[in-house]
Every structure is written in structure tokens, then in C-alpha cells.
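Since the structure is predicted, the reported quantities are computational estimates derived from the model, not experimental observations. Throughout, a chain's letter reflects where its sequence line sits, starting with A, and its residues are numbered from 1. Any value given below was found using the heavy atoms of this structure, including those in side chains, with hydrogens, waters and symmetry copies removed.
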Number of protein chains: 2
Amino acid sequence: MTKPVTIEDLARITGVSPSTVSRVLNGNKGVAADKRALVLEAAEKHHYRPNAVARGLVSGRSMTIGVVVQDIATPFFANMLVGIEQGLDQSGYRSMFASTLWRDNDPNDDHEPFHVLLDRRVDGLIVLAGQASDQFLRDLAEQIPIIIAARKVEGLEDRCISIDNVEGASTITRYLIGLGHKRIAHITGHRNHPDALDRLRGYRLALEEAGIEYDEELVVEGSFHEESGLKGVEQLLTRGVRFSALFAGNDQTAYGAMLALASHNFRIPNDVSVVGFDDVSLSAYTLPPLTTIRQPAVAMGRAAAESMLRLLSGNDPEVPHFQTELIIRKSAAIYH
Amino acid sequence: MTKPVTIEDLARITGVSPSTVSRVLNGNKGVAADKRALVLEAAEKHHYRPNAVARGLVSGRSMTIGVVVQDIATPFFANMLVGIEQGLDQSGYRSMFASTLWRDNDPNDDHEPFHVLLDRRVDGLIVLAGQASDQFLRDLAEQIPIIIAARKVEGLEDRCISIDNVEGASTITRYLIGLGHKRIAHITGHRNHPDALDRLRGYRLALEEAGIEYDEELVVEGSFHEESGLKGVEQLLTRGVRFSALFAGNDQTAYGAMLALASHNFRIPNDVSVVGFDDVSLSAYTLPPLTTIRQPAVAMGRAAAESMLRLLSGNDPEVPHFQTELIIRKSAAIYH
DNA sequence: CTGAAAGCGCTTACAG
DNA sequence: CTGAAAGCGCTTACAG
């Protein structure tokens, strides 16, 4: 473990002052050409690398932006993270992630990931969905530049990047109705998850418009995971309700649902149509490929990063508006 | 943007010296109980939070460990990252990720993610697979504690956590052979990827053992992505070669392959058996559920973090050995 | 038990 | 154009 070379070292080697070394290293104007060359050469030769920690302490900027995420391993979030990295690239900023999910026992741990990041003096915070309260996020916004993605926070509208879940859900439900389906089941996300609530609302809205009565026997609670799609279908089947189509709360739920249906010998889409929400990249490869609503995760992540960059340079974040899009593949068909 | 309170502030408020404040904040012994109480109360009241940057500068430890990863959005890597977070939890250390993948144009950028991390003075580095050269990693190991996961580096064996790809591949190929298959196709990973090479070797090994001649017409190059599974099958079909089973280089490749086969009206596993490698969590939910080789990503990530922690505390890393496991589901069946 | 001082590696006015 | 000095927020010997 060799000690990294410092500016002090370089100064000693080249015979100029540390100030001058610092200046040439920072591409600062006004340094004699010969000294500049000297320093640059020495830096190169000794593999000098600036200590970002020290630099951060004096400049007050760590050049890293914190990202709070529920679960890295969820395809949708993973894609947003990719987008964030893309958006930050070339900016000199880097992202640092902090997650919670898998330790959801301790409720006041909800703030723990925020603190790790804040303590490390990140220059800004991008929050992906998550269960921190609106109030907490509002307070945070007083302390540090913040952008929120895949979630809407009252009072922070100009910092939120999200799609309209009600609209997306009603669009895909309408699509099923247009295919002739009347008995449409729905497996929701977590009971209190805002997205889950909005999607349920969109589903009901579309039914209402079409004059189809809402039947609570047709909806079961899920959790946005594959497992819950599987269980959801089992529940529906146990209840003995008839349905010709199923709107799963998200794509992962749809995967589980399709498996359960197949194992009960229902053919998709001939016997029952299945649709999801999100359009995770895998959904183009399921059997059959999944009809779903696209929520542009990568683009949203990139936009979050870009808005953050704008915020950090003192400008208006200008968060863009994202539209959902109906992606028609093979998992839903005309009712007969 | 309110300025965070500092130790200096706390000293002024409580009337003790900064040294004393620092001591009580660090749970240091030997401080009068009354002063301790005073400081603690003030810290609480003013929401004091230590500046990890300053602390890092003096202690020389940033309490963050860098993780270099090819692609966060790949399920296998995402799971390793989850494992790393789990392993670091409670240790006070945090991870910072840096990836490259999606900018694979510039070859000498390969080292860029290492530099961002090194410049920020991470205390250790966990490298997940990746294309940095063995030599580069060996050099790195001289500078900083390093653990390498999902890859083997010569000379750094005691720092590598990986499974035996040859063994895994030969195991699953043997399984197919045991089912009666003789014409087994294989879609590899990237041409030069060590894992891809090892899996191909394992495949050939098993064939050889069984006295089945290796037929290069049966193997096509893939890239470990869904898309390449799809294309791989198309190629095989175009070649007009007969095969009753297909060993995909990894699970994602298998997904694409299954889709292609299905769209050509092959039933899985009745007409052709398909197996993968990795056992990503989704593989339990495909149609049919995928028979595959499990590479315990989360556990490996956790082990990497734990070994790193050991290394940082001056102990032997004690990297554990991981075994692959054959996971039998529904995508492969007896040949007839 | 406690404070003054030095120092971590850098940047940035301030003089010259 | 260039160096000496101060300072970022903390920790840690060093005296007392």
C-alpha cells in the first residue's frame, strides 16, 4: 500500500510552491509555461491523482450526488440507476447509492440511507420513490438540492419526475375493454403504495367509463413482486370468480400471474389475457411477450440527473414531463 | 440551504473546547459526565451530523468501499450488489458504485471507473468481473485492498470469489445427456469472456466424456443478453442443424432462445429442452420455469463484502469457496 | 479530565 | 506570474 503522492510532494520535486502546483493541476491560467510543463511532467511521472476528499473539504463540494433507492435489484429501479449514471457522465459528478428495502423491520431506519449520504456531504440527492414521508422530503429540500423520481410529492412538484399512473392504468384497462373483455381482474401493488393506489384508480376509472360495474371480488392485493402475481391468481381461482383478462400491478406481478395461469392450464392469451405495467426490458422476452404500459425508466433516470445538474448550477431544474405508452405485444387478445 | 452545524459551533454553544466536543461525539472515554451530557444535548438539539469528508481527511479512511461493476442492470450483478450492501451493513462502511458498460467505445476508459473511486479515496475496492486486465488488477492490489468477485485473476487467488464455470457447464450438459439428448446446441457468451470460454469448455468436456462428438455447427456465439439468445436460435435454425436440447450461456440468453423457439412453434421442453446458467430470480417464473445452474449471486456479494471487511481490519480475507448447484425445473425433459 | 496546537491535502484570496 | 498564509471540519498526540 504505497502512499499516494500529494501536491506537497510535487512541489518539492519540481521546486515550485504548492500553490503553483495546484494552479497548473487545475488548468488555471497565468502560470509560466516552463513551470507548467515541469509540474505536468512530474504529475504524470509520479501518477499524481488529486485527493477528492481534501478538495471536497475546501471547496465544499464533494462532486458526488446521493441516490436513495428502495431496491437496486428491481429491474425498474436498476434501469433508472443506469439512466442516472448516463445523465451524470461527463459532468464530473458521480453517484453514490444507498438503499434500505431488505431491512424493512426497523421503521425509523427509513432515514438511515439519507443520513449516510448527507454525512458524506453529497452535493445533491435524487430520491427514487421510497417510503420516506412527504414532510421529511420537504424538510430535506430546505437543506440540499433534491430531485424526486417515480413519485409525486406535494409542494415539491417542480422537483418530481414521474408519470401519470392513473392514466397509464386506465389506458391499458381501456385497451382490454376494447378487446371485448368485461370481467377484468386486477392484482394491485402494496396496499398503501401511491403507485398501486393510482393504478387501481385508473382501472376503476376505465371500467366506470365503459359502464362496467366494479367488482371487488376481481381485485386482490399484491406487492409488485413475481410471487404476489402467482399468489394473486391462486386467490382469484380459489374464489372461483370468472375473468377473461387480468391487469397485473406491474410486469413482475404479471410474470408470476402468467406462470400460475399456465400451471392451471389456462392458455395466454386464448383463455385469459394478461397485461402488466412498466415495460421492463425482460417483458419483450416472456412467453408470450407481454402487453404492457411503458414507463421509460432509463430516460427518467437520465432526466433526474440532468435536472439535478441544472439545480446545482443554480438554474431551474426544468423537470420534463413523461408520458406512458401502451406497448402491444402478444399477451392480450380479443375476447371470445 | 442552511449551513450544517460544526463541532466549532457546538463548542461555542456549550462552552467547552472543540477537542472535548469531538471526544464525546466519538464516545471517547474520560470526559466529565456533565460536559458529556451538555454536548450530547446540544448536538441533538441542533441536529449535529459529523462531516464525513473532514473526518475522512484526517483519519485517512473514507469508510466507503468502491465497487466496480460492468452493468448494474444485469440481474446477476444487481443481485451481487444487493449482497454487498448486506455484507457491509452495520459495519459503518458504505459502498460506492462505478460502472462502464454502456460506453464501451473508448477502450482506455476501462480504467476510468477505478480512478473515480480511487480519487475519492475509497478504503477498498470490490471488482465484479469486468474487462480490466489481470495485470492492471495485480498492480492495483499493491495500492489498495481489493476483492474480486465472479472472476479469477492469476496471482490474486486469495482475493477471488468465483464459482467453477467449467464444472457448472459440464454438470448441466451431463444432465441433458442423462436425459437422452445427443444433439445439444450451445449459445456462448462473448467470444473472449472468460466465463463464456469456461462454460464452453465444460460443455465440450461433458460431451467428450459421453463419447459424443463435438459438432461446431451446434454452437453459436452470443453475448449473455436476451437478444443474443433469440438470434442464436435463428442462426441455428437457418443452418438447418438438428438439435433436441439447447444449453444457453446464461439465463438471459435462455429467455431469448425460448422465445425464438416458441415463435417457431417448438414446444419447450417437448420438442426441445432449454437450460441456462446463473439462476437469476426470474428464472423460476419463466414459462416453463427454467432448469439451470445456480450461481449464488447474493451470497457471493455478501462474501465479497465480508472478505473486504476482514482485509480492512488487517486479517486474512478468507474468501470462501462457492459451489454451483443444478436447479431442475421444467424446461428440460427426457428425449424422445 | 481538558484545552491549545498541529496537521490531513487541498484551494484561494492576498501580497508582491 | 508566484509564494506564504489561512482555512475547510475534524482528530489526536501533547501538555497540563
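- The stretch residues 33-59 of chain B touches DNA chain C through B:Lys35, B:Leu57, B:Val58, each having a heavy atom under 4.0 angstrom from the strand.
- In this structure, B:Phe136 has its ring center under 6.0 Å from that of B:Phe114.
- The side-chain contact (heavy atoms from CB on, under 4.5 Å) with B:Thr64 is formed by just one residue from the set B:Met96, B:Arg120, B:Arg121; it is B:Met96.
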Could you go through residues 34-48 of chain A and list every donor-acceptor pair under 3.5 Å that involves a side-chain atom there, pairing it with any protein atom two or more places apart or in another chain?
{"unit_1": "A:Arg36", "atom_1": "NH2", "unit_2": "A:Asn28", "atom_2": "O", "d": "2.8"}
{"unit_1": "A:His46", "atom_1": "ND1", "unit_2": "A:Ala42", "atom_2": "O", "d": "3.0"}

TODO: Apply side chain to side chain contact (heavy atoms under 4.5 Å, CB included) to B:Phe97 and A:Leu81, showing your working.
DONE: CA-CA 11 Å; B:Phe97 306 139; A:Leu81 296 181; over 6 Å; no
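- One N or O on the side chain of B:Asp123 and one on the backbone of B:Met63 form a donor-acceptor pair closer than 3.5 Å.
- Taking the side chain as every heavy atom from C-beta outward, B:Thr14 and B:Thr20 never approach each other to under 4.5 Å.
- With the 3.5 Å cutoff on both pairing distances, Watson-Crick and G-U pairs in DNA chain C assemble into runs of at least 3 at C:1-3 with D:14-16, C:5-12 with D:5-12, C:14-16 with D:1-3.
- In this structure the side chain of B:Leu118 reaches within 4.5 angstrom of the side chain of B:Leu140, judged on heavy atoms.
- No salt bridge links B:Arg302 with B:Asp89; every basic N to acidic carboxylate O contact stays at or beyond 4.0 Å.
- A heavy-atom distance below 4.5 Å is not found between the side chains of A:Val67 and A:Met308.
- A donor atom on one side chain and an acceptor atom on the other are not found under 3.5 Å apart for B:Asp139 and B:Gln143.
- Mapping heavy-atom proximity under 4.0 Å, the span of DNA chain C touched by chain B runs 5' to 3' from C:dC1 to C:dG9.
- Using a 4.0 Å cut-off between a side-chain N of Lys or Arg and a carboxylate O of Asp or Glu, B:Glu112 and A:Arg94 qualify as a salt bridge.
- Of the residues in residues 20-31 of chain A, those placing a heavy atom less than 4.0 Å from an atom of DNA chain C are A:Ser22, A:Arg23, A:Asn26, in numerical order.
- For B:Arg49, the salt bridge (Lys or Arg N to Asp or Glu O under 4.0 Å) test picks out A:Asp119, with sequence neighbours left out.
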